[in-house]
Amino acid sequence: MNQFKAKMILLWILASLNTACALTNHKEQTLTLPDGSVYSGALSKGMLSGAGRLVWLNGDIYDGQFSDGLLHGIGTLTTAAGDVYQGNFQLGELTGKGEYVGSDGTRYQGEFLSYQFNGGGELVTSSGDIYRGDFELGELLGLGTFNGVDGSQYAGEFVDSLYDGLGVWEDDESRYTGEFLHGYFHGFGERVDVESGEVMAAGEWQYGRFKGPAENAAERLARQQKIEQALFDQPAILAKALDAVAPQNPNVVELYPVIVAGDGTQDVFSLEAKTIQALLDEKFSSNARTLMMGNHPDTMGDAPLVTGVSLPLALQGISQKMDPQQDILLLYLTSHGSSDHKFYLATPGHKFLGLAAQDLAQTINDLPVKWKVIIVSACYSGGFIEPLKAPEHLIITAARDDRTSFGCSDEDTMTYFGRAFFEQALPAEQGFVEAFYKARVTIAGWEEEQSFEHSEPQIFIGSKIEGELKKIMAK
């Protein structure tokens, strides 16, 4: 809602310059401001101050207190679209206690920060679902509750308004107590029949599916020791993997792929990474120049783990093998993604910090390599495009910045995007750009068949890179 603050700053300047507003001590005035907005109310020293009403040309209306030309104090802002913000305005923005009523029937009461739900509050969606708890920049974060119109209830931890952490979920038939991730039963938990109290399933869950009884103490210890050993051995594992990468040939433009499987708690991302490695080797003879990274137990100990620390080191390392002015770095990342544009990194029993879009951009921009192809296959991955934009970059994402992507369940061996782009489109096409447009049509067809909301894969083509890409395709 920063546009309202911008409007009021503009109006403050205009009001200060407007000779009609230059008079002092006029308590009530009706003025047509230079931008066409109409103000009715009190003035002080030529500026909007005190109680008043402001009507913008686009139909937005504010009734309430002003100070020094800004919305400031108790007031109500009604947008042309029918959304209503009511409460305490500070320096042009709703901040503090207030209420929001959306044109679609959504209601929120609680704390605001710059028009966003921020702090303790209650959100009632247009369908009647109720969220209560602590919000951060519009999303429920931390402890909270959910009451659904379908009779379901949840109490526990939230991330991005999704069940995430420890909690209890219940509907008319069953109750689940345990761990959640991205809104799914995930981790260790128990589901019981509400009526009889009988245990329906107890043990390990993975994205809503029961995997089997929980590991016994010895199994858990062995798994944790394997993870800890892999973490301890990471410098040596990464060094060995980089040593195996072939150095650049000064007479040839070559592709150097770095393939990253971020979530090791599912098989699909690791399987996809292996398939893509084989496909790239077939098309570009790149096997000796490929660096594989992953968090799956099957690759642990051989391939470097993917963390916010190891990925920059790996990219810097492979950059030293390349001709920085002519070779092309291909970075492919496959995992889950969040609505705040973080790439999910985890291994069984250990969740690493997510890789934020801005952090990835900083890592990429710090590399000495000039030409880069960055492909992100994850939900909401379109949010990675803006910070990564550069004339020398080709950026492709599996989804729009506000859409999910598909094909990451336990039954899948590749994501929708990975299969459509690498397995079906790229082998037959002349380049990455052509393969993208073909894959986007294929994905849309699959989503249509499943009645999914379209993910809408995105592309950014740097102004200088297309000619360089043709050099590796011509080999």
Side-chain angles (χ1 to χ4, degrees), residues 230 233-262 270 272-296 299-334 355 360-376 388 390-396 422 426-427 430-433 435 462 464-475:
D233 291 340
Q234 278 308 290
I237 294 171
L238 179 57
K240 181 179 179 181
L242 288 170
D243 285 344
V245 175
Q248 54 92 13
N249 181 342
N251 300 315
V252 182
V253 176
E254 294 178 312
L255 184 73
Y256 278 76
V258 178
I259 304 173
V260 174
S270 181
E272 175 169 281
K274 294 173 183 177
T275 301
I276 290 172
Q277 179 186 23
L279 292 168
L280 289 175
D281 183 38
E282 183 177 349
K283 192 169 184 69
F284 300 103
S285 301
S286 60
N287 186 54
R289 300 185 303 276
T290 298
L291 178 65
M292 298 283 288
M293 303 183 71
N295 292 330
H296 193 274
T299 61
M300 200 174 292
D302 298 317
L305 291 174
V306 191
T307 71
V309 175
S310 66
L311 182 59
L313 292 173
L315 292 172
Q316 284 287 349
I318 202 167
S319 296
Q320 303 307 313
K321 295 295 187 86
M322 303 171 61
D323 184 318
Q325 294 300 312
Q326 72 171 20
D327 291 336
I328 298 172
L329 174 69
L330 167 65
L331 174 61
Y332 182 71
L333 302 112
T334 179
L355 180 63
L360 178 63
Q362 185 64 55
T363 296
I364 293 294
N365 293 334
D366 287 345
L367 298 177
V369 176
K370 185 175 184 180
W371 309 108
K372 309 176 191 88
V373 177
I374 306 113
I375 305 175
V376 186
L388 283 165
E392 301 83 12
H393 292 176
L394 173 66
I395 310 163
I396 294 173
F422 285 99
L426 189 59
Q430 292 303 305
F432 294 111
V433 174
K464 298 180 180 179
I465 195 171
E466 280 200 273
E468 300 302 314
L469 293 174
K470 290 177 181 177
K471 294 177 182 179
I472 59 169
M473 302 307 298
K475 291 170 59 177

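Heavy atoms only: backbone and side chains are in, while hydrogens, waters and symmetry mates are out.
- Smallest separation of non-hydrogen atoms from Pro250 and Gln248: N-OE1, 3.1 Å.
- Summarising the local packing, CD of Glu282 is surrounded by 12 or fewer heavy atoms from other residues, nucleotides or ligands at distances under 6.0 Å.
- Closest of all the heavy-atom pairs between Glu468 and Ile328 is O-CD1, 3.6 Å.
- For Leu238 against Ala314, the heavy-atom pair with the smallest separation is CD1-CB, 3.8 Å.
- Atom CG of Leu313 and atom CD1 of Ile318 lie 13.5 Å apart (nearest 0.5 Å).
- Listed for the Ser286 side chain is no donor-acceptor partner under 3.5 Å among the backbone atoms of Arg289.
- Aromatic pair Phe432/Phe284: ring centres closer than 6.0 Å.
- Of the possible donor and acceptor atoms, one in the side chain of Trp371 sits under 3.5 Å from a partner among the backbone N and O of Gln325.
- Between the side chain of Asn295 and the backbone N or O of Leu305 there is no donor-acceptor pair closer than 3.5 Å.
- Residue Leu367 holds its CG atom at 5.5 Å from CG of Leu315, rounded to the nearest 0.5 Å.
- Note that CD1 of Ile276 and CD1 of Ile259 are 6.0 Å apart. Values are rounded to the nearest 0.5 Å.
- Met300 contributes atom CE, which lies 10.0 Å from atom OG of Ser270 (distance to the nearest 0.5 angstrom).
- Nearest heavy-atom pair, Lys471 versus Val253, reported as atom, atom and distance to 0.1 Å: CD-CG2, 4.0 Å.
- Asp327 pairs in a side-chain contact (heavy atoms from CB on, under 4.5 Å) with only one of the listed residues (Glu254, Lys321, Lys370), which is Glu254.
- Here the side chains of Ile364 and His393 are in contact, with some heavy-atom distance below 4.5 Å.
- The shortest distance between side-chain heavy atoms of Met292 and Thr299 does not fall below 4.5 Å.
- Contact of the Leu333 side chain with the Leu355 side chain is registered, since non-hydrogen atoms from C-beta on lie closer than 4.5 Å.
- Side chains of Thr290 and Gln277: a donor-acceptor N/O pair is absent below 3.5 angstrom, by distance only.
- Under the 4.5 Å side-chain criterion, counting only non-hydrogen atoms from C-beta, Gln234 is in contact with Ile237.
- We find the CG-CG distance between Leu311 and Leu331 to be 6.5 Å, quoted to the nearest 0.5 Å.
- Note that CE of Met293 and OG of Ser310 are 4.0 Å apart. Values are rounded to the nearest 0.5 Å.
- Within 6.0 Å of CD in Gln430 there are 12 or fewer heavy atoms belonging to other residues, nucleotides or ligands.
- Side chains of Pro368 and Gln316 form a contact here, defined as non-hydrogen atoms less than 4.5 Å apart.
- Nearest approach of Phe422 to Leu279, heavy atoms of both residues: O-CD1, 3.4 Å.
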